[in-house]
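This structure is a prediction, so every number in the text was calculated from the model and none was measured. Count residues from 1 along the sequence. Any value given below was found using the heavy atoms of this structure, including those in side chains, with hydrogens, waters and symmetry copies removed.
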Amino acid sequence: MQLLRNLYGQLIPKETRFWFYKLRHQQEIESLKTAIFPSDKGDFSLRYYYQHKCIFVHITKAAGTSLALSLFGELPYHYTAQEYRVIYGRREYNQFFKFTFVRNPWDRLYSAYSYLKGGGWNAKDAEWAKQHLADIHSFDEFVLNWLTPERLYAHIHLWPQSDFICDRHGKPIIDHLGYFETIQQDFDAICTRLQLPQTDLKHTNASKRAGYKDVYSPAAIQKVAELYKQDIANFGYSFADSHRMKIAGGQFVSAQ
């Protein structure tokens, strides 16, 4: 049975698998558009996406919780753009303004490591960290000895950012990139685009840690460059800087 599951996962594209799931669970998927799921940290909901004709693709460890709470007052999910295209259907999805925020991959990885080592969002994250990271005693050890191309998918906080917003061919299927490094400026632009009142961005769910540039060894810098090379190319990042990109004609192009 596990072999069949593995073959199914390898042979059938992820978006197609989610379409099959939707066909079997139509009421559940339809209810996602308006349902409110309470938690001890706030309510999760997509209901404001319909109201504002937008979709916010929440990439992990890129200030998505702060952004969604500031824009909509509710917590975001971590659905990918491909999954949203299934949830709403392609016609409706194409009509919505679709945006995300990205972050320097070296900075994001250190934030994810610090967050998970600190217990993460909930007991499930804490248990994952205990199982996988208990014997890891430094960030350098984590990058050089633990992290592999396969383990990028061991936890959603480690996934490449491009996986959240691209189709199976690596093409972006959203409309707009915001940057963590210019978050207030880009947040203001989103408020204007959605005709929402300008406000200061709330800062929540942040990791307590040192600046990422102070913790990387040369070997770790190089390994992260290899592991996240697609994100670096798509979003214009280097270790210490960025060349801002945008999405035009279904491609990543220079915004400068």
Side-chain angles (χ1 to χ4, degrees), residues 8-9 12-39 41-103 108 112 115 120-122 124-125 128 152-178 180 190 194 204-205 230-231 234-235 247 250:
Y8 178 72
I12 307 299
K14 184 176 181 179
E15 186 172 359
T16 303
R17 299 199 305 270
F18 198 47
W19 274 110
F20 289 158
Y21 182 89
K22 181 179 179 179
L23 289 173
R24 298 194 306 272
H25 304 86
Q26 292 188 32
Q27 186 173 352
E28 173 193 333
I29 296 300
E30 186 64 27
S31 71
L32 281 174
K33 301 175 184 178
T34 55
I36 303 170
F37 294 94
S39 79
K41 295 186 178 182
D43 293 340
F44 287 85
S45 182
L46 304 180
R47 57 182 175 159
Y48 287 103
Y49 290 7
Y50 257 129
Q51 180 179 335
H52 298 290
K53 300 299 180 185
C54 73
I55 293 172
F56 170 47
V57 180
H58 177 197
I59 293 175
T60 53
K61 302 315 296 172
T65 299
S66 298
L67 289 158
L69 287 174
S70 298
L71 289 168
F72 310 119
E74 292 180 325
L75 293 166
Y77 298 103
H78 288 306
Y79 291 119
T80 66
Q82 291 185 71
E83 289 169 329
Y84 277 122
R85 194 157 66 172
V86 174
I87 291 168
Y88 288 100
R90 291 202 176 203
R91 177 180 296 180
E92 199 160 54
Y93 178 87
N94 289 337
Q95 293 171 348
F96 282 14
F97 172 65
K98 302 164 290 291
F99 67 99
T100 196
F101 274 69
V102 297
R103 184 175 187 173
R108 176 176 176 260
Y115 184 66
W121 177 263
N122 54 23
K124 185 178 179 180
D125 279 350
W128 185 92
L152 292 184
Y153 295 94
H155 196 286
I156 194 170
H157 287 314
L158 307 177
W159 287 9
Q161 297 172 78
S162 299
D163 287 12
F164 286 90
I165 62 169
C166 292
D167 65 14
R168 66 190 181 97
H169 303 294
K171 304 297 185 183
I173 55 172
I174 67 167
D175 305 308
H176 181 79
L177 295 177
F180 178 89
I190 294 296
L194 299 180
T204 59
N205 205 35
Q230 198 60 59
D231 287 351
N234 286 344
F235 310 133
I247 296 169

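One finds the OH atom of Tyr88 at 9.5 Å from the CD atom of Glu30 (value rounded to the nearest 0.5 Å). To the nearest 0.5 Å, atoms OG1 (Thr60) and CH2 (Trp121) are separated by 13.0 Å. How far CZ of Phe99 is from SG of Cys54: 5.0 Å, rounded to the nearest 0.5 Å. Distance OH/Tyr50 to CD1/Ile55: 9.0 Å, rounded to 0.5 Å. Between the NZ atom in Lys98 and the CD1 atom in Ile247 there is a gap of 10.0 Å [rounded to 0.5 Å]. The CD atom of Gln95 sits 7.5 Å away from atom NZ of Lys53, with the distance rounded to the nearest 0.5 Å.
Legend: residues meeting side-chain contact (heavy atoms from CB on, under 4.5 Å) with Asn122, ordered by chain and number and at least two apart, are Lys124, Asp125. Partners of Gln161 according to the side-chain contact (heavy atoms from CB on, under 4.5 Å) rule, which considers only residues two or more places apart in sequence or in another chain, are Ile59, Val102, Arg103, Pro105, Arg108, Asp231, Phe235.
Side-chain contact check for Leu177 versus Ile165: some heavy-atom pair is nearer than 4.5 Å. Considering only heavy atoms from C-beta on, Phe56 stays 4.5 Å or farther from Leu194 through its side chain. Contact check for Thr80 versus Val57: no side-chain heavy atoms found under the 4.5 Å cut-off. Contact check for Pro160 versus Tyr153: side-chain heavy atoms found under the 4.5 Å cut-off. Considering only heavy atoms from C-beta on, Thr65 stays 4.5 Å or farther from Lys41 through its side chain.
Minimum interatomic distance between Ile87 and Ile29 (heavy atoms only, all atoms of both residues): CA-CG2, 3.9 Å. When every heavy atom of Arg85 is checked against every heavy atom of Trp19, the shortest pair comes out as O-CZ2, 3.9 Å. Annotation for Ala62 and Leu67: closest pair O-CD1, 4.0 Å, computed over non-hydrogen atoms. For the residue pair Ser45 and Ala35, the shortest heavy atom distance occurs at OG-O, 3.0 Å. Scanning both residues, His78 and Phe164, for their nearest heavy atoms gives O-CE2, 4.0 Å. In plain terms, the two heavy atoms of Lys22 and Gly89 that are nearest each other are NZ-N, 4.1 Å.
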| field | Test log, rule side chain to side chain donor-acceptor pair (under 3.5 Å), inputs Tyr21 and Glu83 | value | CA-CA 11 Å; Tyr21 182 89; Glu83 289 169 329; over 6 Å; no

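Ring-plane geometry between Tyr84 and Tyr79 is classed as perpendicular, the angle between the planes exceeding 60 degrees on a 0 to 90 degree scale with a lower cut at 30. Ring pair Phe37/Tyr77 is perpendicular by interplanar angle, where above 60° counts as perpendicular and below 30° as parallel.
Of the possible donor and acceptor atoms, none in the side chain of Thr100 sits under 3.5 Å from a partner among the backbone N and O of His58. In this structure, the side chain of Arg17 engages the main chain of Ile12 through a donor-acceptor pair within 3.5 Å. Between the side chain of Gln82 and the main chain of Cys166, a donor-acceptor pair closer than 3.5 Å is present. Under a 3.5 Å cut-off, the side chain of His169 and the backbone N or O of Lys171 do not form any donor-acceptor pair.
With ring centers used as reference points, Tyr49 lies 6.0 Å or more from Phe96.
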